[in-house]
Protein chains: 2
Amino acid sequence: MKIRSPRKPKGQGAERREEILDAAQSLFAQKGVHAVSTRQIAEIAGISQPALYAYFATKDDIAAELCVRAFAILGQRMAEARVDYTPTPKNFERCLRVYIDFGLDHPDAYRVAFMLEKSVDGPLSKEKNGLEKTGGKPMAAGKAVFAVFVEMVAEFHARGETVSNDAMAASQVLWAGLHGLVALLIARPEFPWIDREQLIATHVAMLTRGALK
Amino acid sequence: MKIRSPRKPKGQGAERREEILDAAQSLFAQKGVHAVSTRQIAEIAGISQPALYAYFATKDDIAAELCVRAFAILGQRMAEARVDYTPTPKNFERCLRVYIDFGLDHPDAYRVAFMLEKSVDGPLSKEKNGLEKTGGKPMAAGKAVFAVFVEMVAEFHARGETVSNDAMAASQVLWAGLHGLVALLIARPEFPWIDREQLIATHVAMLTRGALK
DNA sequence: AGCATTGTCGATCACCGATAACTTATCACC
DNA sequence: GGTGATAAGTTATCGGTGATCGACAATGCT
């Protein structure tokens, strides 16, 4: 009685949402987020464009949903990287690499979470909750990942093996350092980078050397 | 009622162009690049919207022009920072700070140069020159700044005071590390950062320690 | 004066994200 | 089986966007 049976009237009902997300992910990865229109998504998904808005309030919400899903994968990967983890610089570097590899594997999700332009909305914010717009949920997912860094750094900090005596400061600059490489490789792939593998290795080594004793 | 100026033949070529750039810079700084329309720019500049296209081919070109101008300032600042420069870690850190301060002082220019989404254009590039679109000239200006980093690192490298034995690799990861902090502070100012001054100091110290012996 | 050039504008195009109003299909219930 | 409620999808449309076109006014040159 209370149970609301999942209706599947015309399309596959609940599966529609997945179809939309699949279509959007494919298009986003292919042409970038802002270059994809809702009409294109709808066409791939096999529905009319307004039908999207039965499942997502805005186009950005579609990107946000894809983003949180991708970050769930990152969280999983980093958790795996810390199984049987002993705080050695080698393992430290391994975790940093997981972060970088994830960003390069999911550039669109990464862009939505950390690189997209937010609507600043000065004093004229007409939104109900200006902080929880597009960057809200993805940013929350990003914070969860950041928490892992804090945890990692704290381990070394407790052993007195960090350079900074402020674990939070060390975590934030470490994260920023990682983000820099990922963001630049995503945003400017045509830059004459050196060999990518060497680049990543050098970067991770620099960060580790700069953060740990 | 709207006595919108019937004519504005006053502008003498170059002056109009400056007025447009001034209007755009003001609006970009105020509301972000993608939230500003050509009509808004035109209204502030005191001309009609189509008149913009007599001076700039696209809206992105306006942002690009502002960007290269801003980067000229950065080049100037970094040149000043290297006057009477002796390759000590202290001076090294000072130059890194110049870069960070610039990015935070000109977030819109920085975003256009290094953070904006480029139209990837797979094999179906219908543009005349896919690489010289929005990111073209700003990227060139950015490369000029990057060259200063290469120069700086090369000095230490020649003295055998760099960690990496590849000066180019060291330059690129150093730049990436700097970019990370600037980009994150611009894109996610609402993140619970620690005190900004301490954050920058810690970051610069980490990068220096990670790159120099 | 006459004429070409230049600069500007109103009108307009194709497209965008989002919404309104309407139609259709499915369900719960009697 | 009939009936009303409602979820899901559609067409039509809105205001706004970047960009283009043809007409026209202002200017400079001969």
Side-chain angles (χ1 to χ4, degrees), chain A residues 1-21 23-24 27-28 31-65 112 116-119 121 126-128 133-134, chain B residues 1-20 23-24 27-28 31-65 112 116-119 126-128 133-134:
Chain A
M1 188 175 289
K2 301 288 183 63
I3 299 175
R4 297 174 57 93
S5 55
R7 300 191 175 189
K8 302 179 182 178
K10 193 171 187 176
Q12 280 81 352
E15 295 179 7
R16 274 274 185 270
R17 178 174 244 266
E18 294 299 321
E19 292 174 5
I20 294 171
L21 288 171
L27 287 171
F28 286 165
K31 316 202 297 180
V33 177
H34 93 285
V36 174
S37 71
T38 55
R39 285 166 177 80
Q40 291 173 321
I41 297 173
E43 183 172 358
I44 300 293
I47 57 176
S48 67
Q49 179 252 359
L52 293 178
Y53 293 85
Y55 300 95
F56 301 94
T58 70
K59 172 188 168 185
D60 289 342
D61 285 350
I62 300 177
E65 173 107 9
V112 169
L116 234 56
E117 190 168 6
K118 297 192 62 179
S119 56
D121 295 330
K126 52 198 167 189
E127 301 292 333
K128 281 174 281 188
K133 281 176 66 70
T134 296
Chain B
M1 206 54 166
K2 49 187 65 176
I3 193 160
R4 284 298 106 103
S5 58
R7 218 37 177 261
K8 289 275 185 173
K10 182 184 69 176
Q12 196 70 338
E15 292 184 10
R16 271 275 185 273
R17 194 180 167 88
E18 292 300 319
E19 291 175 6
I20 294 171
L27 286 172
F28 286 165
K31 317 202 297 183
V33 177
H34 91 286
V36 174
S37 71
T38 54
R39 286 167 176 80
Q40 291 173 322
I41 297 174
E43 183 172 359
I44 300 293
I47 57 176
S48 68
Q49 180 251 1
L52 293 179
Y53 293 86
Y55 302 94
F56 301 95
T58 71
K59 172 188 169 184
D60 290 341
D61 285 349
I62 301 176
E65 173 107 8
V112 169
L116 235 55
E117 191 169 7
K118 294 193 64 177
S119 57
K126 53 197 168 191
E127 300 294 333
K128 280 174 280 188
K133 280 175 64 71
T134 297

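A note on names: the letters A, B, ... follow the listed sequences, proteins ahead of strands, and every chain is numbered from 1.
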**Asked** Just checking B:Ser48: base, sugar-phosphate only, or nothing, at a heavy-atom cut-off of under 4.0 Å?
**Response** base
**Request:** Report which part of the nucleic acid B:Leu52 touches: base, sugar-phosphate, or nothing (heavy-atom distance under 4.0 Å, all strands).
**Result:** nothing
**Message:** Check this one for me: any side-chain N or O of B:Ser37 less than 4.0 Å away from OP1 or OP2 of D:dG16?
**Reply:**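 Answer is no, no contact under 4.0 Å.
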**Request:** Ignoring backbone atoms, establish whether B:Tyr55 has a side-chain N or O less than 4.0 Å from OP1 or OP2 of C:dT8.
**Result:**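 It does, given that an N or O in the side chain of B:Tyr55 lies less than 4.0 Å from OP1 or OP2 of C:dT8.
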Protein-nucleotide distance ([X], atom [atom1]; [N], atom [atom2]), rounded to Å:
X: A:Arg16; N: C:dT26; atom1: CZ; atom2: P; answer: 12 Å
X: A:Gln40; N: C:dC16; atom1: CD; atom2: C1'; answer: 10 Å
X: A:Glu19; N: D:dA8; atom1: CD; atom2: P; answer: 14 Å
X: A:Glu43; N: C:dG17; atom1: CD; atom2: C1'; answer: 17 Å
X: A:Ile41; N: C:dA18; atom1: CD1; atom2: P; answer: 10 Å
X: B:Ile20; N: C:dG7; atom1: CD1; atom2: P; answer: 12 Å
X: B:Leu27; N: D:dG18; atom1: CG; atom2: P; answer: 11 Å
X: B:Ile47; N: C:dT6; atom1: CD1; atom2: C1'; answer: 15 Å

List the atom of [X], the atom of [Y], and the distance in Å for their closest heavy-atom pair.
X: A:Tyr53; Y: A:Thr58; answer: CE2-CA, 4.2 Å
X: B:Ala23; Y: B:Ala45; answer: CB-N, 3.9 Å
X: B:Val33; Y: B:Lys59; answer: O-NZ, 3.4 Å

**Request:** Any chance you could lay out the side chain to side chain contact (heavy atoms under 4.5 Å, CB included) test for A:Thr38 and A:Ile62, step after step, and finish with the verdict?
**Result:** CA-CA 10 Å; A:Thr38 55; A:Ile62 300 177; 5.7 Å; no
**Donor-acceptor pair present, B:Arg39 side chain and D:dG18 base, under 3.5 Å** = yes
What nucleotide among [options] has an atom nearest to a side-chain atom of [X]?
X: A:Tyr53; options: C:dT8, C:dA18, D:dG18; value: C:dA18
X: A:Ala51; options: D:dA19, C:dG17, D:dT10; value: D:dT10
X: A:Pro50; options: C:dG7, D:dG18, D:dT10; value: D:dT10

**Request:** For the pair A:Asp61 and A:Tyr55, evaluate side chain to side chain contact (heavy atoms under 4.5 Å, CB included) and give the outcome as yes or no after the intermediate values.
**Result:** CA-CA 10 Å; A:Asp61 285 350; A:Tyr55 300 95; over 6 Å; no
